[in-house]
Amino acid sequence: MDKNEKINELARRRGFLWPAFELYGGAAGFFDYGPLGAPLKRRIEDIWRQYFVIQEGFAEIEAPTIGVEGIYQASGHLSGFSDPLTGCKECKEVYRADHLIKHIVEVPDALSNEEIYKTIQENEIGCPECGGQLTEVYEFNLMFKTMIGPGNKMTGYMRPETAQGMFINFPRLLRYFRDSLPFAAVQIGKSYRNEISPRQGVIRLREFTQAEAEIFIDPRDKTHPRFGEIRDIRMKFYSQAAQEKGVEEEMTFGEAVERGVVAHQALAYYVARTYQFLLAIGVAPDKLRFRQHKADEMAHYAADCWDAEVFLDRLGWIEIVGVADRTDYDLKAHAATSKVNLSVFVHYDQPVKRQKLVVKPDFKSLGPRFKGKAKAVGEALKALSPEELKGDMIRLTVDGEPIEIEPTLVSFESVEEEIRGEEVIPHVIEPSFGIDRILYTVLDHSYYEDAVDGESRAVLKFLPAVAPIEVAVLPLMDRKELVGPARAIVDELRRLGLRVDYDTSGSIGRRYRRNDEIGTPYDVTVDYETIEQGTVTIRDRDTMLQIKVPLAQVANTLQALLCGTIKFEAAGTILSPAKEA
RNA sequence: GCGCCGAUAGUGUAGCGGUUAUCACUAGGCGUUGCCAACGCCUAAACUCGGGUUCGAAUCCCGAUCGGCGCACCA
């Protein structure tokens with residue numbers, strides 16, 4: 001069994017990840033989070049909230065997972081997320097139908113499936129592999145489609161990303177943030193993609209959890225006020241240039257921005273925050289890199305894009321986060337489709353003064369003369385320059401009809417105008433996290449085996465902040481005099497909100513192993529000294545060292561250990577290492 | 001979607017046309033046990049599903065589902 005298989009087997013056996021619908025034969029691309037997986041996922045999400053909601057002051061919202069058609073017309077998912085496919089009747093190979101007629105039709109995207117098929121037939125296009133006949137063109141859209149309400153009145157789609165929920169709430173969010181930039185909204189939730197062939201467990205799912213932030217910034221100012229906090233962090237950058245050489249480049253974020261490796265401070269800041277977050281949940285720094293999208297890989301509207309990639313045993317480098325400057329693409333698209341202005345009025349520091357020509361047509365005279373056309377004539381006059389308004393006679397054309405007007409019927413003057421600001425469409429920085437992949441990474445990067453007395457020991461070295469079980473309370477033996485005090489400790493710790501497991505079955509060593517395997521950081525053992533001297537031992541998962549702590553301090557000590565405010569060796573009296581078996 | 005390979009207790013497995021379906025670990029119970037997967041006894045637990053061939057199928061054939069790998073796909 002390789003490491004990947006071991007982790008999957010452990011995850012299944014101990015209740016982290018289960019293939020969904022097993023009772024009914026299962027379905028590819030769906031997973032259940034079990035009793036340990038669900039809290040692990042929840043804790044990872046909560047740390048994400050710490051980093052991207054609480055510490056940044058962003059707003060978390062929750063939009064429906066089903067969306068109406070308009071959203072995905074605007075976002076491009078309806079057309080771009082769907083591919084016309086055709087297959088070979090002979091060798092069964094499947095092709096993108098539009099790709100096959102690229103050299104014949106200039107814009108295959110504009111054709112319907114029937115038209116593409118007609119083109120294929122008319123040009124006698126066969127299978128590129130074997131020359132066989134091709135099937136009719138059919139649509140494969142990666143979005144799950146559903147009906148809203150009875151009948152076919154309204155089509156709904158399961159959202160393929162959480163991002164759109166933030167974009168379409170832009171006007172409400174803007175008001176919530178008192179009409180000023182920058183601001184940001186985030187969502188953590190499920191997204192759905194009907195993948196053609198999902199594989200590799202939780203790496204490619206049909207239903208998955210995303211955590212996304214949409215940070216709306218002033219396009220003219222892509223600095224970041226808190227850039228100083230991350231300027232000196234050193235990290236490996238796998239830039240476009242570095243990828244050509246095949247070697248990552250280590251530098252500080254300050255250097256990265258100064259040298260133009262990362263487009264600007266705002267993007268660099270969120271790359272750095274992403275880096276900090278990933279380390280905080282236990283992603284191994286030596287198996288983590290940030291890779292810049294190559295020019296041809298980047299969406300056409302994106303200004304710059306960096307992916308966090310992790311090295312996973314057997315799977316290689318896998319993308320787990322994308323941080324992109326999406327410019328004003330999304331807001332412009334929604335503005336165009338919904339016909340709602342999605343710009344922000346940005347006030348200048350100082351109003352700008354400007355000369356402006358004000359033209360006032362004499363409607364009292366123009367009205368009777370031009371009747372219904374008067375308004376159009378007035379508009380045409382307003383568009384003229386001072387030179388054109390002077391002359392003996394003003395000449396203009398309205399609805400193709402030449403018109404002459406005496407200059408006395410128009411007055412105009414140049415006035416000084418104060419401009420206090422302008423309308424801008426914000427640019428969007430989007431960090432987008434695949435939570436399921438991140439959780440798997442934490443499992444992969446936490447797993448190790450060591451040898452204890454010649455026996456192999458499997459350990460998940462979860463950081464206390466993500467561990468699904470934080471403390472196991474274990475009576476040395478299942479005897480009344482030990483069980484009583486042990487239960488009292490369990491109750492106390494649970495009252496304090498700790499995730500506590502209690503186990504009396506089997507030998508003490510067996511129970512230590514069980515807890516090592518699910519990543520419990522600390523085991524509290526109740527023994528006869530608990531009764532005689534009022535102490536318990538606390539065992540550290542990774543070193544297997546034990547300290548002796550007075551009963552009254554157990555809770556405090558554990559809380560301090562879990563928060564990392566004290567070192568294990570300093571938390572109590574160290575006992576000699578476990579005796580040889 | 002295509003091709004190749006696979007699917008047996010919770011986990012890992014044996015099985016090659018007739019077995020009470022093998023073994024180990026695991027899990028539960030009782031006893032024992034003074035700190036790193038101890039021991040004894042007991043218990044629970046499986047042939048992925050649907051067809052077919054055959055007197056008889058876990059075993060052979062077909063199909064589906066799921067999984068692994070390669071190809072294609074992955075805004």
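We name chains A, B, ... by the order of the sequence lines, and we start the count at 1 in each one. Since this is a predicted model, take the numbers as computed values, not measurements.
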Report all interatomic pairs (protein N or O, nucleotide N or O of nucleotides 10-14 of chain B) with separations under 3.5 Å.
unit_1, atom_1, unit_2, atom_2, d
B:rU11, O2', A:E9, OE2, 2.8

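Taking atom C1' on both nucleotides, B:rA44 is separated from B:rC30 by 15 Å, rounded to a whole Å. For the P atoms, the distance linking B:rC41 with B:rU26 amounts to 15 Å, nearest Å. Using atom P as the reference point in both B:rU48 and B:rU22, the two lie 16 Å apart (nearest Å). B:rU32 and B:rG68: their P atoms are spaced 48 Å apart (whole Å). Nucleotides B:rC47 and B:rC60 are separated by 16 Å at their C1' atoms, to the nearest Å. A distance of about 14 Å separates the C1' atoms of B:rU8 and B:rA57, rounded to the whole Å. Here the separation of B:rA58 from B:rG6, taken at their C1' atoms, is 15 Å to the nearest Å.
There is no side-chain donor-acceptor pair under 3.5 Å between A:S432 and A:R326. The closest side-chain donor-acceptor pair between A:N4 and A:Y440 falls under 3.5 angstrom.
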*Give the B/S/- string for nucleotides 28-33 of chain B, one per nucleotide from 5' to 3', where a protein heavy atom under 4.0 Å of the base yields B, of only the sugar-phosphate yields S, and otherwise -.*
S----B
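For A:R510 and A:D540, each mapped to the nucleotide of RNA chain B holding its nearest heavy atom, the one lying further toward the 5' end belongs to A:R510. Mapping A:E529 and A:R314 onto RNA chain B by nearest heavy atom places A:E529 closer to the 5' end of the strand.
Residue A:R541 is out of contact with every strand shown, counting any heavy-atom pair closer than 4.0 Å. Using a 4.0 Å heavy-atom criterion, one finds that A:G25 contacts the sugar-phosphate atoms exclusively. A:R511 comes within 4.0 angstrom of no nucleic acid atom, judged by non-hydrogen atoms across all strands.
Between A:W18 and A:R12, some side-chain heavy-atom pair lies under the 4.5 Å cut-off.
Minimum atom distance to the side chain of A:R513 is reached by B:rA37, of the listed B:rC66, B:rC74, B:rA37. Checking B:rC66, B:rC69, B:rC74 against every side-chain atom of A:R199, the shortest atom distance belongs to B:rC69. Checking B:rC66, B:rC74, B:rG34 against the side-chain heavy atoms of A:A27 singles out B:rC66 as nearest. Of all nucleotides listed (B:rC36, B:rG1, B:rG34), B:rC36 comes nearest to the side chain of A:R539. Closest to the A:S197 side chain, of the nucleotides B:rC74, B:rC36, B:rG1, is B:rG1.
Between A:W317 and A:F311, the ring planes lie perpendicular to each other; the angle is over 60°, past the 30° to 60° tilted range. Note: A:F167 and A:H334 have tilted aromatic rings, judged against thresholds of 30 and 60 degrees for the angle between ring planes.
Residue A:K294 qualifies as open at atom NZ: its count of foreign heavy atoms under 6.0 Å is 12 or below.
For RNA chain B, runs of at least 3 consecutive pairs of the Watson-Crick or G-U wobble type, with both hydrogen-bonding distances under 3.5 angstrom, map to B:1-7 with B:65-71, B:10-12 with B:23-25, B:27-31 with B:39-43, B:48-52 with B:60-64.
Heavy atoms only, all atoms of each residue included: A:F16 and A:I518 are closest at CZ-O, 4.0 Å.
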*Tell me, with the steps shown, if A:Q164 and A:H77 meet side chain to side chain contact (heavy atoms under 4.5 Å, CB included).*
CA-CA 11 Å; A:Q164 301 305 326; A:H77 287 98; 4.0 Å; yes
*Begin with the C-alpha distance, continue with both residues' side-chain angles, and end with the deciding distance and a verdict on salt bridge (charged side-chain N to carboxylate O under 4.0 Å, His left out) for A:D436 and A:K41.*
CA-CA 8 Å; A:D436 311 86; A:K41 177 166 179 266; 5.3 Å; no
